[in-house]
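To keep things clear, I will list the structure first and then write my remarks on it.
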Amino acid sequence: MSDFLGETYLLSTAPARDLYAAVADLPIIDAHNHADVKEIAENACYTDLWQIEAATDHYVWELLRKRGVPERLITGDASNREKWLSAARVWEELAGNPTYEWVHLDLKRLLGIDELINGENGAMIWERSAAILQRDDMRPQALLKRMKVEVMGSTDDPIDSLEHHQKLQDSPIAGMVRPTFRPDKAMNIFKPDWRDYIHKLEKRVGESFRSISDLIQALRQAHDYFAANGCLASDHGVEIPYAHFVDEADADAVFRKALRREAIGKEEEIAYMSYVMHEMARLDSEKGWVFQLHMGAVRDIRDSLSRELGPDTGGDISNHHMPIVAPLRDLLNRFDGNLKVVLYCLDPTHQATLATLARAFGKNVSLGSAWWLNDTPVGMRTQLEYIAGVDLLMNSAGMVSDSRKLFSYGSRHEMFRRVLCDVVGNMVSLGRMPMRVAEKLVVRVAYDNPKSLFGF
């Protein structure tokens, strides 16, 4: 394949290549992903390429739609083989998008398949991979070890039983997969199914909620349960990070009103969500957890996808008009010095604001990896350069895969580490730092920082 994904992949200078040699084989700390923990615990062989590369990946779905692949061959009732062959026929047309590289990296690094995906090779790659996937060393737990995953954080709802996490404690990867507390459904009072979720939470704790203090107490019980099962972080996925200071009485009035199915206004929604956000930050602060904030995603913007396929199917976008400072100011000041916060950037236009916020609030506010629509070589490079120039790369929270595909953990971390080393290597080439300092820096960002920050 000539130089495609070769030794110099994403590494443009000699210092960059030397730096990558220092981090290439470091273990992976993946503090945020959307792992299917049941799949990992059951540890069954994967069946086929579509299952491991595209069955749950809306990144792939969106690109195939762009190239005119019918929905039946993406999320419809076609067989997985039909879907893979259809994708293979247009795969060359995805070049330039990181998904093109990630999937080829997966094939090359994990399956030992070095061929280029295209219409001519699609069937051959399908057959070869099917045989390889039946080997014991291709089961989920073995793959995690092969990718040198040291520890990873799944994404879990407060009502989850965590039974699959518990099962893994008696497996060869005990201690590797940790839950992460994600209370979004309790916070999203504007959602049509919010009351249904509140009733599920009541059932989970065996209590009926009469006030917002009852809700917070139930979330505290779940928080304690997660801590007992190895959790060290929460994660919050919000469009706008509403976290104004709100009195309990005001938030309680909104909570009671919503439970009675009375209409609530936008200001009331913001008051309720802000109060819950502060309470979750307080719980994290008490336990020394990391408070992760993924913000800016405008969900389900394409009505036809949302209507026909539901959420998380490729209809989400970024919004550069999103306010950040005013909604977050009260929370960051209230917990200044007492809460470890990681901010993730979805829209590149938010990098300046987030970098200056992190700089202003010192060592307890860190910048996470370039997220989602920024999770590309150009997005990561721009973010890393901006962090270095405005905040400090030495305080970066490092990389997280944010992936639903176990197979992609290695490829996504490899891409990040190569981009990191190219950015820092270029600084060495330009005389901006000595090589010995650069080596310490890339190891800190690639491995030491996330391990220390999350307390793994």
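Since the model is a prediction, treat every value here as computed from it, not as a measurement.
- Side chain to side chain, Ser285 and Asn338 fail the donor-acceptor criterion of an N or O pair below 3.5 Å.
- Distance alone, capped at 3.5 Å, is enough to place a donor-acceptor pair between the Gln383 side chain and the Ala370 backbone.
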If you apply the rule salt bridge (Lys or Arg N to Asp or Glu O under 4.0 Å), what do you find for Glu82 with Arg72, and how did you get there?
CA-CA 10 Å; Glu82 288 179 284; Arg72 177 179 173 272; 3.8 Å; yes

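- Asp284 and Ser234 form a side-chain donor-acceptor contact under 3.5 Å, judged by distance and modelled atom types alone.
- Donor-acceptor pairing under 3.5 Å is lacking for the side chains of Ser403 and Asn33.
- When only modelled atom types and interatomic distance are considered, His165 and Ser154 share a side-chain donor-acceptor pair under 3.5 Å.
- With no hydrogens or angles considered, a side-chain donor-acceptor pair links Asn449 and Arg444 at under 3.5 Å.
- Look at Asp137 and Arg135 and you find a salt bridge, because one of the NZ, NE, NH1 or NH2 atoms lies within 4.0 Å of a carboxylate O, short of that distance.
- Side-chain contact, Asn97 with Tyr59: no donor N or O sits under 3.5 Å from an acceptor N or O.
- Note on Arg109 versus Glu414: salt bridge recorded, some NZ/NE/NH1/NH2 to OD/OE distance being below 4.0 Å.
- With a 6.0 Å cutoff to the six-membered ring centre and a 45° limit on the axis angle, Arg299 does not count as a cation-pi contact of Phe190.
- In this structure, a donor-acceptor pair under 3.5 Å is present between the side chains of Glu71 and Thr75.
- Close placement of the His58 and Trp372 rings is indicated, their centers lying within 6.0 Å of each other.
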Test Asp30 against Ser401 for side-chain hydrogen bond (donor to acceptor under 3.5 Å, both in side chains), laying out the working first.
CA-CA 6 Å; Asp30 189 9; Ser401 74; 2.7 Å; yes

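- Here the closest heavy-atom approach between residue Met176 and residue Val149 is recorded as CE-O, 3.1 Å.
- A side chain to side chain contact (heavy atoms under 4.5 Å, CB included) with Val445 holds for exactly one of Val443, Val442, Leu441; it is Leu441.
- Looking at Lys340, its side chain does come within 3.5 Å of a backbone N or O of Gly288 through a donor-acceptor pair.
- His32 has its ring centre less than 6.0 Å from the ring centre of His294.
- Taking the six-membered ring for Trp, Phe4 and Tyr100 have ring centres closer than 6.0 Å.
- The existence of a salt bridge linking Asp448 and Lys451 is excluded, since no basic side-chain nitrogen approaches an acidic carboxylate oxygen closer than 4.0 Å.
- One finds a salt bridge joining Glu127 and Arg81 here, because a Lys/Arg side-chain nitrogen approaches an Asp/Glu carboxylate oxygen to under 4.0 Å.
- Using a 4.0 Å cut-off between charged nitrogen and carboxylate oxygen, Lys405 and Asp57 count as a salt-bridge pair.
- Electrostatic pairing of Lys266 and Glu269 counts as a salt bridge here, judged by a charged N lying under 4.0 Å from a carboxylate O.
- Donor-acceptor pairing under 3.5 Å is recorded for the side chains of His223 and Lys287.
- When every heavy atom of Cys345 is checked against every heavy atom of Asn374, the shortest pair comes out as O-ND2, 3.2 Å.
- In this structure the side chain of Lys148 reaches within 4.5 angstrom of the side chain of Asp25, judged on heavy atoms.
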Yes or no on side-chain contact (heavy atoms from CB on, under 4.5 Å) for Asp48 and Ser129, after CA distance, side-chain angles and deciding distance?
CA-CA 7 Å; Asp48 58 66; Ser129 64; over 6 Å; no

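- For Arg182 and His236, the side-chain atoms include no donor-acceptor pair closer than 3.5 Å.
- For Glu279 and Arg282, the salt-bridge test passes: some basic side-chain N is under 4.0 Å from an acidic carboxylate O.
- Residues Leu328 and Leu293 are in side-chain contact: their nearest non-hydrogen atoms beyond the backbone lie under 4.5 Å apart.
- Under 4.0 Å is where a charged nitrogen must lie from a carboxylate oxygen, and between Glu93 and Lys66 no such pair does.
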From CA spacing to verdict: side-chain contact (heavy atoms from CB on, under 4.5 Å), Leu367, Tyr344:
CA-CA 6 Å; Leu367 295 175; Tyr344 293 93; over 6 Å; no

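- Between Lys38 and Asp36 there is no salt bridge, since none of the side-chain N atoms of the basic residue sits less than 4.0 Å from a carboxylate O of the acidic one.
- Contact check for Ile28 versus Leu144: no side-chain heavy atoms found under the 4.5 Å cut-off.
- Asp422 and Arg381 are joined by a salt bridge, as a carboxylate oxygen and a charged side-chain nitrogen come within less than 4.0 angstrom of each other.
- Donor-acceptor pairing under 3.5 Å is recorded for the side chains of Trp371 and Asp402.
- Looking at heavy atoms from C-beta onward, Glu239 lies out of side-chain contact with Met295 at the 4.5 angstrom threshold.
- When every heavy atom of Ala44 is checked against every heavy atom of Pro140, the shortest pair comes out as O-CD, 3.2 Å.
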Carefully, step by step, assess Phe456 and Glu150 under the rule side-chain contact (heavy atoms from CB on, under 4.5 Å).
CA-CA 9 Å; Phe456 293 140; Glu150 183 174 313; 5.7 Å; no

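- The pair Arg412-Asp375 meets the salt-bridge criterion, since a charged nitrogen lies less than 4.0 angstrom from a carboxylate oxygen.
- Asp156 is listed as a side-chain neighbour of Phe226, based on a closest heavy-atom distance under 4.5 Å.
- The closest side-chain heavy-atom distance from Leu143 to Met138 is below 4.5 Å.
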Which is it for Val298 and Asp316 under the side-chain contact (heavy atoms from CB on, under 4.5 Å) test, yes or no, and what are the steps along the way?
CA-CA 6 Å; Val298 182; Asp316 304 333; over 6 Å; no

